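Okay, so here's the structure we're looking at.
Keep in mind it's a predicted model, so treat the numbers as computed, not measured. Positions are given from 1, in the same order as the sequence printed here. Values below: every heavy atom of this structure, side chains too, minus hydrogens, waters and symmetry copies.
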Amino acid sequence: MGSRAVVFFFFFLALLSFSASADNGEEEDVGLVMNFYKDSCPQAEDVIREQVRLLYKRHKNTAFSWLRNIFHDCAVQSCDASLLLDSTRRSLSEKETDRSFGLRNFRYLDTIKEAVERECPGVVSCADILVLSARDGIVSLGGPYIPLKTGRRDGRKSRAEILEEYLPDHNESMSVVLDRFAAIGIDTPGLVALLGSHSVGRTHCVKLVHRLYPEVDPVLNTDHVEHMLHKCPDAIPDPKAVQYVRNDRGTPMILDNNYYRNILDNKGLLIVDHQLATDKRTKPYVKKMAKSQDYFFKEFSRAITILSENNPLTGTKGEIRKQCSVVNKHH
């Protein structure tokens, strides 16, 4: 065989090899991209957006839930909808841990999934629905529209046993909080912006009574203490009663920079809010965001984007769940 024939022969083999690998799906993992479903389910993002809008119209607190979901899911090792899995005989659900206290409205995420499944069965992941519902929920709350990539796949296991290694508690030191976020690529201004999510929603009394009883935390604004005591009249809140304080009394349903003005005025409900406004590493950014909503939105959008892209499953990893609360059955 001549030298040209040999070269052609090996070139032909290389083409066959490339073709085979493509057929086996090895070339399919494009990672996260904008508009991942443009061919497989072109209406997916519109369906999700419309469902978020309809649900918000009927149940205003769903938007708070979508915003919390992206943090509680994506900050824990991978953005793979592990948060949505129910408990089984072998594993505890992340939803049922102490660190997930107050998370709710998961049934409405199922509503969105069902609507998407009617359009494109078995195509769109719960992980992408979780992320896109957060994006559209932020808009419902008056926040910025954040273009987010898609192409995530769903994990097959709960991460309840390692939750506390990733999610900082509201009483952690600022050093711990900064370190946890830095580990997933979110810097100090990004962290300060993400905590601006406390501009909306509410804090359950069980999470803040230690600042009121047996003695009032002296750093709290005295005018605000009266309101907190009215909303949380018991040192040990009744577990059956839904007792809470709105995070922001001025604009409780709007994601805005009022949160930063509040915490600079010692009206933050949680220890982490107070630390954010007083720690020398974070205070300059708090002051800057208190002055400029545009700056807050810019840093918030950047941080949400980083969070949404944390270690996703793509390509052939994981699965596309049929129901968001249970893994698929593999026979």
Pairing of Asp86 and Lys95 as salt bridge, 4.0 angstrom limit: yes
Minimum side-chain heavy-atom gap Val245-His227 below 4.5 Å: yes
N/O donor-acceptor pair under 3.5 Å between Asp279 side chain and Leu276 backbone: no
Connected via hydrophobic side-chain network under 4.5 Å: Tyr244 and Leu269: no
Test side chain to side chain donor-acceptor pair (under 3.5 Å) applied to Asn105 and Ser65, step by step: CA-CA 7 Å; Asn105 289 323; Ser65 298; 2.8 Å; yes
Joint hydrophobic cluster, Leu130 plus Tyr166, side-chain heavy atoms closer than 4.5 Å: yes
Asp80 (side chain) donor-acceptor with Leu313 (main chain) under 3.5 angstrom: no
Passing option when Thr150 is tested against Asp128, Asn35, Val33 for side-chain contact (heavy atoms from CB on, under 4.5 Å): Asp128
salt_bridge(Glu94, Arg159) N-O dist < 4.0 Å: no
Side chain to side chain donor-acceptor pair (under 3.5 Å) evaluation trace for Asp136 with Tyr145: CA-CA 7 Å; Asp136 298 332; Tyr145 176 80; 5.6 Å; no
Whether Thr203 side chain and Asn247 backbone form a donor-acceptor pair below 3.5 Å: no
Option among Leu83, Leu163, Leu67 that satisfies the side-chain contact (heavy atoms from CB on, under 4.5 Å) test with His72: Leu83
Gln323 atom CD, neighbour heavy-atom count above 12 within 6.0 Å: no
In one Ile/Leu/Val/Met/Phe/Trp/Tyr side-chain cluster, 4.5 Å: Ile271, Val286: no
OH-OG1 distance between Tyr108 and Thr62, expressed to the nearest 0.5 angstrom: 8.0 Å
Closest contact, heavy atoms only, Asn257 versus Ser292: ND2-C, 3.8 Å
Between OG on residue Ser93 and CG on residue Leu84, distance to nearest 0.5 Å: 8.5 Å
Test item: Tyr260 side-chain N/O and Val192 main-chain N/O as donor-acceptor pair under 3.5 Å: yes
Parallel, tilted or perpendicular, as decided by the 30° and 60° cut-offs, for the rings of Phe71 and Phe181: parallel
Distance-only side-chain donor-acceptor flag, Asn266 / His224, under 3.5 Å: no
Heavy-atom side-chain contact between Val326 and Arg321 under 4.5 Å: no
Rounded distance (nearest 0.5 Å) linking atom CG of Asn61 with atom CZ of Arg68: 12.0 Å
Carboxylate-amine/guanidinium proximity below 4.0 Å for Lys113 and Asp110: no
Test: Lys60 cationic atom under 6.0 Å from Tyr56 six-membered ring centre, within 45° of axis: yes
